[in-house]
S.K.: 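One structure, as structure tokens, below. Some questions next.
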Amino acid sequence: MLVVACIKQVPDTTQVQIDPVTNTLIRDGIPFIINPYDSHALEESLRLKDSHGFTAVALSMGPPNAEATLRKALALGVDRSILLSDRVFGGADTLSTSNVLAAAIQKLGEQEQVGIVFCGKQTIDGDTAQVGPGIAVRLGFSQLTLVDRIEKIDIAQKTIIVRRKLEGRYEIVEARLPAMITVVRELNRPRYPTVPMRLSSAKAQVECWSNEHLQLDVNSIGLKGSPTWVSRIFSPERKEGEIIGDGITDPLGAARQLLDRLIDGDMLAV
């Protein structure tokens with residue numbers, strides 16, 4: 001059974017430049033990383049490989065240089081890395097991206113049953129949190145979002161129990177497999193690749209699938225298949241800083257207020 005982690009290459013900097021004509025990212029000279037939430041999705045797929053014998057697949061859609069991201073996934077231990085790259089995929093919004101990723105997962109399912117698809121809850125560049133649910137809808141998979149713990153997987157009964165992290169509470173949900181799961185960072189701590197795995201991944205193959213592999217209608221993918229587009233990108237004005245509490249006469253109280261703000265803003269694990 002396959003476990004698929006959808007990962008995206010994102011800029012490792014806030015100092016990005018935008019093409020003023022196309023409103024797309026100028027990628028030359030920009031360092032890239034795996035989207036942080038996707039790193040947790042990738043880690044959980046590897047844990048299921050270790051604990052339940054799943055075959056782990058890393059899947060990404062992007063330009064040819066996104067191969068480096070998938071090679072990192074190989075270094076961490078996935079069995080296959082697949083890059084979906086074709087000029088007709090370019091300019092995709094979340095709807096179009098979901099179409100391509102879902103088609104690729106469906107194609108993988110023709111070779112071996114797909115049990116679970118992991119995605120990060122959102123990307124740090126788009127922040128829409130729409131692609132994972134879009135994949136689930138297109139594939140007819142159970143949809144489990146904001147998961148911070150896998151409670152139990154029963155392969156024989158094809159069921160999974162997870163804990164969802166909601167605002168101020170948790171929710172335990174049981175669902176049927178196959179399932180699409182979006183994860184939050186509290187789910188796990190991503191591993192680091194060993195030196196031998198890094199060396200091995202340099203020689204490993206990253207498969208590249210174009211639209212010839214998927215045979216999708218070009219009107220449903222890329223810019224043509226995107227009902228939304230970016231009209232303008234700009235940096236919002238930063239609000240003036242705020243003094244929290246009295247750090248001189250009541251430093252403990254100020255620290256508590258700061259901690260509460262960080263927890264309320266979902267910037268700390270609790």
S.K.: Indicate the atoms forming the closest heavy-atom contact of A56 with L46, along with that distance.
M.R.: CB-CD2, 4.4 Å

S.K.: Could you report the tightest heavy-atom contact between A75 and R198, atom names first, then the distance?
M.R.: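 A75 and R198 have their closest heavy atoms at CB-CA, 4.1 Å.
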
S.K.: Can you confirm whether E167 is buried at CD, in the sense that more than 12 heavy atoms of other residues, nucleotides or ligands lie under 6.0 Å from that atom?
M.R.: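 Counting other residues, nucleotides and ligands, CD of E167 stays at 12 neighbours or fewer.
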
S.K.: Between Q205 and R71, is any side-chain donor less than 3.5 angstrom from a side-chain acceptor?
M.R.: no

S.K.: Do the side-chain N and O atoms of R47 and N188 include a donor-acceptor pair separated by under 3.5 angstrom?
M.R.: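 No donor-acceptor contact under 3.5 Å links the two side chains.
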
S.K.: Are L83 and L59 linked, directly or through other ILVMFWY residues, by side chains that come within less than 4.5 angstrom of each other?
M.R.: no

S.K.: K72 versus P193: any side-chain heavy-atom pair under 4.5 Å?
M.R.: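 No, every pair of side-chain atoms sits at 4.5 Å or beyond.
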
S.K.: If we only count heavy atoms from C-beta on, is the T97 to M61 side-chain gap below 4.5 Å?
M.R.: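 Yes - at least one pair of side-chain heavy atoms lies under 4.5 Å apart.
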
S.K.: One pair to check against side-chain contact (heavy atoms from CB on, under 4.5 Å): V3 and T55. What are the steps and the verdict?
M.R.: CA-CA 6 Å; V3 55; T55 299; over 6 Å; no

S.K.: Measuring from atom CZ of R164 to atom OH of Y170, what distance do you get when rounded to the nearest 0.5 angstrom?
M.R.: 13.0 Å

S.K.: Taking C-beta and beyond as the side chain, do V10 and F32 meet within less than 4.5 Å on heavy atoms?
M.R.: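 Sidechains of F32 and V10: no contact.
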
S.K.: So do the side chains of L177 and T159 get within less than 4.5 Å of each other, counting heavy atoms only?
M.R.: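 No, too far: nothing below the 4.5 Å cut-off.
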
S.K.: Side-chain heavy atoms nearer than 4.5 Å, only ILVMFWY residues, links allowed to pass through others: does that put V117 and V131 together?
M.R.: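 Yes: a chain of side-chain contacts under 4.5 Å links V117 to V131.
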
S.K.: Keeping S201 on the side-chain end and A204 on the backbone end, is there a donor-acceptor pair under 3.5 Å?
M.R.: no

S.K.: Looking only at heavy atoms, what is the nearest atom pair of L108 and V57, with distance?
M.R.: CD1-CG1, 4.1 Å

S.K.: What distance do R185 atom CZ and D148 atom CG have between them, rounded to the nearest 0.5 Å?
M.R.: 11.5 Å

S.K.: Please find the pair of heavy atoms, one from L144 and one from A179, that lie closest to each other, and give the distance.
M.R.: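 Heavy atoms of L144 and A179 come nearest at CD1-CB, 4.2 Å.
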
S.K.: Decide whether L42 and L187 are clustered together by the hydrophobic rule: side chain heavy atoms of Ile, Leu, Val, Met, Phe, Trp, Tyr closer than 4.5 Å, transitively.
M.R.: no

S.K.: How close do I7 and A73 get, heavy atom to heavy atom, and via which atoms?
M.R.: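 Scanning both residues completely, I find the closest heavy atoms to be CD1-CB, 4.2 Å.
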
S.K.: Out of curiosity, L2 CG to F54 CZ, how far, rounded to the nearest 0.5 Å?
M.R.: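 That separation rounds to 9.0 Å.
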
S.K.: Between CD of E174 and CD of E151, what distance do you get to the nearest 0.5 Å?
M.R.: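 Here the interatomic distance stands at 11.5 Å.
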
S.K.: How far apart are the C-alpha atoms of H213 and E207, what are their side-chain angles, what is the distance that settles it, and do they pass the side-chain contact (heavy atoms from CB on, under 4.5 Å) test?
M.R.: CA-CA 11 Å; H213 291 74; E207 301 171 47; over 6 Å; no

S.K.: If you count heavy atoms of other groups shown closer than 6.0 angstrom to NZ of K158, is the number above 12?
M.R.: no

S.K.: Under 3.5 Å, side chain of T94 to main-chain N/O of Q130, donor-acceptor pair present?
M.R.: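 Not at all, since once roles are kept as given, no pair shorter than 3.5 Å links the two residues.
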
S.K.: Would D50 and R191 satisfy salt bridge (Lys or Arg N to Asp or Glu O under 4.0 Å), going step by step from the backbone distance to the final call?
M.R.: CA-CA 13 Å; D50 297 339; R191 67 191 68 183; 3.4 Å; yes

S.K.: When rounded to the nearest 0.5 angstrom, what distance separates CG in D154 from CZ in R176?
M.R.: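 It comes to 9.5 Å.
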
S.K.: Between S98 and R138, is the side-chain contact (heavy atoms from CB on, under 4.5 Å) condition met? List the steps.
M.R.: CA-CA 8 Å; S98 301; R138 280 157 186 78; 4.1 Å; yes

S.K.: Has the side chain of K49 got a donor or acceptor atom that lies under 3.5 Å from a matching backbone atom of G77?
M.R.: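 Judged by distance alone, yes, a pair lies under 3.5 Å.
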
S.K.: Is there a donor-acceptor contact under 3.5 Å from the side chain of E112 to the main chain of M1?
M.R.: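 Yes: the side chain of E112 pairs with the backbone of M1.
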
S.K.: Are L84 and S60 side-chain neighbours, meaning at least one heavy-atom pair lies under 4.5 Å?
M.R.: no

S.K.: Crowded around I172 CD1? As in, over 12 foreign heavy atoms under 6.0 Å?
M.R.: yes

S.K.: Shared ILVMFWY cluster between I135 and F89, side chains joined below 4.5 angstrom?
M.R.: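 Yes, because I135 and F89 connect within a single hydrophobic cluster, where side-chain heavy atoms sit under 4.5 Å apart.
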
S.K.: Which pair of non-hydrogen atoms, one from N211 and one from D86, has the smallest distance, and what is that distance?
M.R.: N-OD2, 3.0 Å

S.K.: Heavy-atom distance under 4.5 Å between the side chains of V4 and S45, does that happen here?
M.R.: no

S.K.: Check this for me: does any side-chain nitrogen of one of E171 and R163 sit under 4.0 Å from a carboxylate oxygen of the other?
M.R.: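 Looking at R163 together with E171, the answer is no, because their closest N to O distance does not fall below 4.0 Å.
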
S.K.: Using 0.5 Å steps for rounding, measure from the SG atom of C119 to the CD1 atom of I181.
M.R.: 10.0 Å

S.K.: Can you check salt bridge (Lys or Arg N to Asp or Glu O under 4.0 Å) on D38 and K8, steps first, answer last?
M.R.: CA-CA 7 Å; D38 297 348; K8 183 182 180 183; over 6 Å; no

S.K.: So I155 and H52, do their side chains get closer than 4.5 Å, heavy atoms only?
M.R.: yes

S.K.: I'd like to know if F141 and L101 are part of one continuous hydrophobic network [Ile/Leu/Val/Met/Phe/Trp/Tyr, side-chain heavy atoms within less than 4.5 Å].
M.R.: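 Same cluster: L101 reaches F141 through Ile, Leu, Val, Met, Phe, Trp or Tyr contacts under 4.5 Å.
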
S.K.: Donor-acceptor pair, S39 side chain versus P190 backbone, under 3.5 Å?
M.R.: no

S.K.: Is it the case that Q122 and N35 place a side-chain donor and acceptor less than 3.5 Å from each other?
M.R.: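 The criterion, which ignores hydrogens and geometry beyond distance, is not satisfied for N35 and Q122.
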
S.K.: Looking only at the side chains, is there a donor atom on one of T228 and D93 sitting less than 3.5 Å from an acceptor on the other?
M.R.: yes

S.K.: Under the side-chain contact (heavy atoms from CB on, under 4.5 Å) criterion, do L48 and F118 qualify, and how do the steps go?
M.R.: CA-CA 11 Å; L48 291 191; F118 283 113; 3.7 Å; yes

S.K.: Should the pair R189-E43 be classified as a salt bridge under the 4.0 Å nitrogen-to-oxygen rule?
M.R.: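 No.
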
S.K.: H40 versus I34: any side-chain heavy-atom pair under 4.5 Å?
M.R.: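 Not in contact.
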
S.K.: Do side-chain atoms of S220 reach the backbone of G225 as a donor and acceptor pair under 3.5 angstrom?
M.R.: no

